[in-house]
Amino acid sequence: MSEPDKYQKVIELAKRRGFFWPSYEIYGGEAGFLDYGPLGSLLKRKLEQKWIDWFVRRENVVLIDSAIVAPEIVFKASGHTAHFTDPITTCKKCGRKWRADHLLEEQAKISGEGLTLEELGRLLAEHGVRCPECGGELEQPQAFNELFKTTIGPYSEHVGFLRPETAQGMFVNFKRLYDLVRGKLPFGAAQVGRCFRNEISPRQGPVRLREFTIMEFEFFFNPKKPECPKLSEVLGEKLRLLPEELIKRGVEEPVEVTVAEALDRGYIKAEWSAYFMVRAKHFLNELGVPDENQYFREKLPGERAHYSAQTYDQVVKLSRWGYVEVSGHAWRTDYDLKMHMAHSGEDLRVFVPYGEARKVKRLRLKVDKARLGASFKDKATLILRLLEVTPAEEVAEALSREGVYQLKSNGETFELTREHVEVVEEEVEEKGERILPSVVEPSFGLDRLLYVTLEYAYTERGDRVVLRLPRDLAPIEVAVFPLMNKDGLPEKAREIYLSLLREGFTVEYDESGSIGRRYARMDEIGTPYAVTVDYQTLKDETVTLRDRDTWKQVRVPAGRLPKVLRSLFRGEISFEKAGEPLQTSG
RNA sequence: GCGGCCGUAGUCUAGCCUGGUAGGACGUCAGCCUGCCACGCUGAGGGCCCGGGUUCAAAUCCCGGCGGCCGCACCA
């Protein structure tokens, strides 16, 4: 590949025409940050708007916009402070950095999981663990956390973090949102916003950033009614999947199955996930990515986030890096709500009434709070709250089998015995039950999608670039040119330009250079239509309308332009039907 | 963070080895020309990633930083 690859060409175009470029260039730049220029900002907004149209407006999803900075407790609850931190040790000799827990496992055959940094350091020293590269001694392990840390207000001990995902905004606001949709499951809550992850070494331009924009929604449903009523609309749809089961058998190519088959074979565990994956596939189609250049790859247990019971990444083929993730479809179960419930003390369960009250026998946990306090001190409250959302059957089973129940929190395990908790059976009358909704999360990287859209739109015609952007995403919608820069043509063209602006179009007026050059400029930034005012316009008020992709032209009465353009953008008419075909000498 | 390669107008690039403060192409702007696809002509503006060192003199040599690409590691 000695020729500049498509990535290089797209990046060059993006910089040159003002879609995006590296941030802080005048100071030498800062890796992992990107600034959007005039065209990029417009494109980004349109992409966001389209996503909202697809996943918010047309689904039962509400849009929110929550704070970016959060106090530490939020990410303690979500598990990010515990799971977002890797213990890293540095070689004193060669300076290489290693995962301390991995080295301990490799060289001393001891699991490094759940150990503190001090314990890790002690064990590394005791077992004589050395740098695998040069054999040098290792420094005391340090935590590397990908959360951006800050302080809130003037007190340095009040730690805050920039959010690494927008999802927590939907979870912490769940009670209000559930109330606002008037207490009905299922429903979704979405937001689009900036997120921050302090990547060790960001690469790959717009694909891996430290500050980026996520579009995602949490879709809450009753785990006892996991059926997706819209599934019937998509059962016959084909999905290209590479599930864990096949990856483990060494399969590298995705299989094409219908949604029905994917669910039958257990490839996709949640119906709602399957439904939204189909939507995501179509969304990428709309951005210009055909089916054969995208598929869904399941994350292996070790790759998965701490909150996820199943995750599929939607990956798209790019010129440079092969398949790159553009969206993630995680089944987060009730993990987040459960954790926020435990840490905040708020009851985040929803009440689901039975048709009629029923008498049921059930197991109940009877906690000896005094003993709990004596054994676990300041953790007792957290344990108490966690027990409230733990199935009694699970505890009963563990106690009767092993005499001890291992209660897991983020990074901690508490051992509970019969002294702390007893399981009793009782009969009660129930009018309904309180449940924690289960959650599927489709999450899209806006910056990546924008790049993908540009790359798939990028074409060359001779030595000219034609950016065949989806029409509804083009940053400039219409261009207006006077054919000649004299004889009153510019005046007439300006008039039409202003009228289109008044009609709400994003329009550009250009009278500089030859007509061909002006068409070329518009092709390069993806403007789908160009209006040219010529001498005939002065006689009969008609203009020519030119199509970006075919370079064909039709003649249209100037007054009908808004209507014609709207139909074209909606795809209601073909370009040939937009007006009288025009013969060009071109 | 490690290793390799790299950093010159808006963009692409010559010059770097063999120090003497930069040349081109495209684009942009102004004017002429131009009756539908980057035509032509004239003119203008615009640059050595940052810092330090060596030297009479640094785009050029040395060191450090920052950034880019590739590989390793990392990627909740």
Side-chain angles (χ1 to χ4, degrees), chain A residues 1 4-5 7-9 11-18 21-33 37 75 78-86 88-91 94-99 102 131-134 144-147 163-165 167 195 197-205 207-210 299 302-308 311 313 320-321 325 328 330 410 461-466 481-487 489 512-524 530-537 543-546 548 551-553 555 582-586:
Chain A
M1 229 193 271
D5 63 9
Y7 169 78
Q8 246 170 314
K9 291 177 174 177
I11 292 295
E12 191 262 321
L13 178 71
K15 273 203 244 181
R16 194 161 46 79
R17 297 310 307 264
W21 53 76
S23 302
Y24 311 111
E25 276 180 308
I26 64 164
Y27 288 109
E30 186 68 45
F33 299 91
F75 294 117
S78 71
H80 283 91
T81 50
H83 294 94
F84 213 47
T85 306
D86 292 328
I88 285 187
T89 180
T90 308
C91 172
C94 70
R96 285 186 175 81
K97 290 193 188 277
W98 305 90
R99 278 284 292 270
H102 290 180
C131 171
E133 196 64 32
C134 74
F144 181 78
N145 196 316
E146 281 200 23
L147 289 173
R163 63 185 180 190
E165 56 172 14
C195 295
R197 297 176 190 183
N198 206 356
E199 298 277 347
I200 294 172
S201 173
R203 293 274 173 82
Q204 304 169 336
V207 170
R208 257 182 71 199
L209 296 167
R210 288 187 167 120
K299 287 206 161 179
E303 303 169 333
R304 234 184 274 146
H306 58 277
Y307 49 69
S308 166
T311 299
D313 280 347
R320 191 132 184 178
W321 303 292
E325 178 197 345
N410 285 320
R461 184 162 175 175
D463 56 358
R464 282 166 57 165
V465 172
V466 180
F481 309 140
L483 181 63
M484 289 294 134
N485 215 350
K486 58 185 180 188
D487 303 329
L489 294 181
S512 147
S514 73
I515 191 74
R517 177 180 302 250
R518 283 176 271 163
Y519 286 142
R521 279 200 276 252
M522 285 301 124
D523 284 346
E524 199 177 49
V531 170
T532 301
V533 169
D534 58 15
Y535 287 97
Q536 199 178 323
T537 311
V543 293
T544 67
L545 187 63
R546 171 193 181 266
R548 174 195 70 198
W551 293 8
K552 283 186 181 153
Q553 286 180 290
R555 190 162 275 281
L582 196 83
Q583 282 305 110
T584 53
S585 56

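Note that the structure is a prediction, hence the values are computed from the model and not measured.
Taking the P atom of each, B:U55 and B:G15 are spaced 29 Å apart, rounded to whole Å. Separation of the P atoms belonging to B:C56 and B:G4 is 32 Å when rounded to the nearest angstrom. For the P atoms, the distance linking B:G47 with B:G10 amounts to 7 Å, nearest Å. Annotation: B:C69 and B:U8 have their P atoms spaced 14 Å apart (nearest Å). Comparing the same atom, P, in B:C2 and in B:U21 gives a spacing of 37 Å after rounding to whole Å. B:C32 and B:C49 have their C1' atoms separated by 40 Å, with the value rounded to a whole Å. Between B:G52 and B:C48, the distance separating the two P atoms is 16 Å to the nearest Å. Across B:A57 and B:G19, the matching P atoms stand 15 Å from one another, rounded to whole Å.
OP1 or OP2 of B:C70 has at least one side-chain nitrogen or oxygen of A:W321 nearer than 4.0 Å. Close to B:G67, at under 4.0 Å from its OP1 or OP2, lies no side-chain N or O of A:Y24. In this structure, A:R518 does not reach the B:C36 phosphate: none of its side-chain N or O atoms is under 4.0 Å from OP1 or OP2. Checking the phosphate oxygens (OP1, OP2) of B:A38, no side-chain nitrogen or oxygen of A:S514 falls inside 4.0 Å.
Rounded to whole angstrom, the span from the CG atom of A:L483 across to the C1' atom of B:C33 amounts to 14 Å. In this structure, A:N485 places its CG atom 10 Å from C1' of B:U34, rounding to the nearest Å. Rounded to whole Å, the distance from CG on A:N145 to C1' on B:C75 is 13 Å. Remark: P of B:A38 and CZ of A:R17 are 16 Å apart, rounded to the nearest angstrom. As a whole-Å value, the separation of A:R548 CZ from B:A38 P is 18 Å. In this entry the distance linking CD of A:E12 with P of B:C69 reads 15 Å, nearest Å. The distance between atom CZ of A:R464 and atom C1' of B:U11, rounded to the nearest whole Å, is 18 Å. If you take CD1 of A:I11 and P of B:C69, they are 8 Å apart, rounded to a whole angstrom.
The nearest heavy atom of RNA chain B to A:E165 and to A:R546 marks one nucleotide each, and the one closer to the 5' end goes with A:R546. Both A:P164 and A:E524 lie near RNA chain B, and the one whose nearest nucleotide falls closer to the 5' end is A:E524.
Applying the side-chain contact (heavy atoms from CB on, under 4.5 Å) rule to A:L209 yields the partners A:L34, A:F212, A:D447; only residues at least two apart in sequence or on another chain are considered. Among residues two or more places apart in sequence or in another chain, the side chain to side chain donor-acceptor pair (under 3.5 Å) test is passed with A:N485 by none. Contacts of A:P202 classified as side-chain contact (heavy atoms from CB on, under 4.5 Å), with partners at least two apart in sequence or in another chain: A:A31, A:E199, A:R210. Partners of A:D534 according to the side chain to side chain donor-acceptor pair (under 3.5 Å) rule, which considers only residues two or more places apart in sequence or in another chain, are A:T537, A:R555. The ring-ring contact (aromatic ring centres under 6.0 Å, His included) test applied to A:Y307 returns no partner, not counting sequence neighbours. Applying the ring-ring contact (aromatic ring centres under 6.0 Å, His included) test to A:W21 and every residue at least two apart in sequence or in another chain returns nothing. Legend: residues meeting side-chain contact (heavy atoms from CB on, under 4.5 Å) with A:A14, ordered by chain and number and at least two apart, are A:F19, A:F20. Qualifying side chain to side chain donor-acceptor pair (under 3.5 Å) partners for A:K15, counting only residues two or more places apart in sequence or in other chains: none.
Distance from the side chain of A:T532 is smallest for B:C36 among the nucleotides B:C37, B:C36, B:U34. Residue A:E146 places its side chain closer to B:C74 than to any other of B:C36, B:C74, B:C37. Closest to the side chain of A:Q553, from the set B:U11, B:C36, B:U34, is B:C36. Checked against B:C37, B:C74, B:C36, the side chain of A:R208 finds its nearest nucleotide in B:C74. Among the nucleotides B:A38, B:C37, B:C70, the one closest to the side chain of A:A520 is B:A38.
The side-chain heavy atoms of A:I515 and A:R518, taken from C-beta on, include a pair separated by under 4.5 Å. Side-chain contact between A:F481 and A:V531 is absent, with no heavy-atom pair separated by less than 4.5 Å.
For RNA chain B, the stems formed by at least three consecutive Watson-Crick or G-U pairs, with both atom-pair distances below 3.5 Å, span B:1-7 with B:66-72, B:10-13 with B:23-26, B:28-32 with B:40-44, B:49-53 with B:61-65.
At a threshold of 4.0 angstrom between heavy atoms, the contacts of A:K299 are confined to the sugar-phosphate backbone, with no base atom among them. Nucleic acid contact for A:G462: none, since no nucleic acid atom lies under 4.0 Å from a heavy atom of the residue.
For the atom pair CG (A:L545) and OG1 (A:T532), the distance works out to 8.5 Å, reported to the nearest 0.5 Å. Note that SG of A:C195 is 5.0 Å distant from CZ of A:R163, once rounded to the nearest 0.5 Å.
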Practice task
Using a 4.0 Å heavy-atom cut-off, write out nucleotides 24-29 of chain B from 5' to 3' as B (base contacted by protein), S (sugar-phosphate only) or - (no contact).
Solution key: ---SSS

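Atom OH of A:Y24 is surrounded by 12 or fewer heavy atoms from other residues, nucleotides or ligands within 6.0 Å.
Counting only distance, with no hydrogens or angles, the side chain of A:H306 and the backbone of A:S78 share a donor-acceptor pair below 3.5 Å.
Between A:D523 and A:R548, none of the side-chain N atoms (NZ, or NE/NH1/NH2) sits under 4.0 Å from a carboxylate O, so this pair counts as no salt bridge. With respect to A:R464 and A:E524, no salt bridge is recorded, no charged nitrogen being found less than 4.0 Å from a carboxylate O.
In the region residues 25-33 of chain A, proximity to RNA chain B at under 4.0 angstrom, judged on heavy atoms, holds for A:G28, A:G29, A:E30, A:A31.
If you check distances only, the side chain of A:D534 does reach the base of B:C36 with a donor-acceptor pair under 3.5 Å.
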Protein-nucleotides 51-53 of chain B N/O pairs under 3.5 Å:
none

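The shortest heavy-atom contact between A:G328 and A:D313 is CA-OD1, 3.9 Å.
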